[in-house]
2 protein chains.
Amino acid sequence: MQLTTRTRYALRALVYLGQRYGRGAVQLREIAKKEGISEKYLEQIFYRLRRASIVKTKKGPGGGYELGDNPATIKLIDILSAVGESLAPVFCVADNKTARCPRSKNCPARPYWEKLKEVIEEFFNNHTLADIGKNAKKKG
Amino acid sequence: MQLTTRTRYALRALVYLGQRYGRGAVQLREIAKKEGISEKYLEQIFYRLRRASIVKTKKGPGGGYELGDNPATIKLIDILSAVGESLAPVFCVADNKTARCPRSKNCPARPYWEKLKEVIEEFFNNHTLADIGKNAKKKG
DNA sequence: ATAATAGTCTACTGAAAAAGTAGGATATTG
DNA sequence: CAATATCCTACTTTTTCAGTAGACTATTAT
């Protein structure tokens, strides 16, 4: 029941950007360095964040990343979705139900998994990047 | 955020035993066969369940497993604990905090992880084996 | 007694997923 | 047009999960 490092790194990086919201683009290199995350790995993560419009970018010299919106309006669930984190406790209640369980019709546990999934989703739906950010020490 | 097959198999097997509660021991072979789970793997799972007193056993011919208590009194959280499923969304809020995060002191996300963990634990604490069992078709 | 049965326990192996790396392509600035 | 910084795909390594193997112990029925 653990979140992947991709998700955790994404959140850390985004909190970092949140602290600098409205002050222009920040280079990936800086974030990676300050947060102690592999630059290449973080690059990959930001690729997903950008496709989901969580961040917007500017290429070339002086370029970098910045939040696509105010931290207070960015829900955690959208970040998790962007990096591909599934919140389903079992695959059979995942959004992409490609691998359908043959037992699902008679599965006595299924309603509970659905419920648990809702509870978890609700959690991430009710918190924003700003919520986390306000606990962070502002530095720089 | 997925539960392991160990957990799911354990639940399925225990629901099976729950349907036969009070009617003597059931052989592992039978459960494995009916549930389509590897006998050896299930054996390993029951080893943990027994150590946690979720099930009790009888060795030798005519032996087998049966629930250690009434299904209605067996909380899901105890089953999950028995098979070693962690409900912590990140390792730093796990019960065994062996691998301590160096950032944990200033981690802005941590209070949220603690909260999420509580929510998930609450879920499994508030449901019993009987809850799941009552959705199961009784057969035999 | 003892042979057959059924669970006990540890260690190992294979498979899958997660974590991280590599490198060329593309766009932008000065 | 050269330097910079992101874009994108594919690959490798590491870790965890899933499953297997096999020798051991207790119990029952004969």
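Below, all heavy atoms of this structure are taken into account, side chains as well, without hydrogens, waters or symmetry copies. Proteins come first, then strands; the chains are lettered A, B, ... in the order of their sequence lines, and each starts at number 1.
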Query raised in the report: Between Glu114(A) and Lys117(A), does at least one N-O distance fall below 4.0 Å, as a salt bridge requires?
Result: no

**Report entry** Annotated protein contacts, base or backbone, on nucleotides 20-30 of chain D with a non-hydrogen cut-off under 4.0 Å, one of B, S, - each
**Finding:** BBB--BSBB--

Requested in this report: Using heavy atoms and a sub-4.0 Å distance, could you list which residues of residues 1-8 of chain A are near DNA chain D? By number, please.
Outcome: none

Kindly list each side-chain donor-acceptor pair under 3.5 angstrom involving residues 122-133 of chain A, sequence neighbours excluded, with atom names and distances?
unit_1, atom_1, unit_2, atom_2, d
Asn125(A), OD1, Lys75(A), NZ, 3.2
Asn126(A), ND2, Glu122(A), O, 3.3
His127(A), ND1, Phe123(A), O, 2.9
Thr128(A), OG1, Ala130(A), N, 3.2
Thr128(A), OG1, Asp131(A), N, 3.4
Asp131(A), OD2, Thr128(A), N, 2.8

Query raised in the report: Are OP1 or OP2 of dT8(C) and a side-chain N or O of Thr57(B) less than 4.0 angstrom apart?
Result: yes

Query - Atom-pair distance (CG on Leu49(B); P on dT8(C)), nearest Å - result: 11 Å

Query - Donor-acceptor under 3.5 Å (Arg20(A) side chain, Val26(A) main chain) - result: no

Query raised in the report: Who pairs with Glu118(A) by salt bridge (Lys or Arg N to Asp or Glu O under 4.0 Å), at least two apart in sequence or on another chain?
Result: none

Report task. Provide, to the nearest angstrom, the distance between the CD atom belonging to Gln27(A) and the P atom belonging to dC7(D). Result -> 13 Å

Query raised in the report: For the pair made of CD in Glu85(A) and P in dA17(C), what is the distance, rounded to whole Å?
Result: 14 Å

Query raised in the report: Within this structure, what is the CD1-to-P distance between Ile37(B) and dG19(D), rounded to whole angstrom?
Result: 9 Å

Query raised in the report: Under a single-linkage rule joining Ile, Leu, Val, Met, Phe, Trp and Tyr whose side-chain heavy atoms are separated by less than 4.5 Å, which residues share a cluster with Val119(B)?
Result: Val119(A)

Query raised in the report: Separation of Arg48(A) atom CZ from dA18(C) atom C1', in whole Å?
Result: 11 Å

Query raised in the report: Applying ring-ring contact (aromatic ring centres under 6.0 Å, His included), which residue pairs with at least one partner in residues 40-76 of chain B are found, sequence neighbours left out?
Result: Tyr9(B)-Tyr41(B), Phe46(B)-Tyr65(B)

Requested in this report: Describe the nucleic acid contact of Tyr65(A) in one word from base, sugar-phosphate, nothing, applying a heavy-atom distance below 4.0 Å.
Outcome: sugar-phosphate

Report summary line: Residue set satisfying salt bridge (Lys or Arg N to Asp or Glu O under 4.0 Å) with Arg29(B), at least two apart, ordered chain then number -> Glu39(B)

Requested in this report: For Lys34(B), enumerate each residue passing the salt bridge (Lys or Arg N to Asp or Glu O under 4.0 Å) test, keeping only those at least two apart in sequence or located in another chain.
Outcome: none

Query - Residue list, salt bridge (Lys or Arg N to Asp or Glu O under 4.0 Å) with Lys33(B), at least two apart or on another chain - result: none

Report summary line: In whole angstroms, the gap separating C1' of dT10(C) from CD1 of Ile45(B) amounts to 16 Å

Requested in this report: Would you indicate which nucleotide in dG7(C), dT9(D), dG20(C) comes nearest to any side-chain atom of Tyr47(A)?
Outcome: dT9(D)

Query raised in the report: Has Tyr9(A) got a side-chain N or O lying under 4.0 Å from the OP1 or OP2 atom of dG20(C)?
Result: yes

Report summary line: Rounded to whole Å, CZ of Arg51(B) lies from C1' of dT8(C) at a distance of 10 Å

Report task. Determine: side-chain N/O of Arg29(A) to OP1/OP2 of dA5(D), distance under 4.0 Å, yes or no. Result -> yes

Requested in this report: Could you tell me the separation between the CZ atom of Arg12(A) and the C1' atom of dA19(C), rounded to a whole number of Å?
Outcome: 14 Å

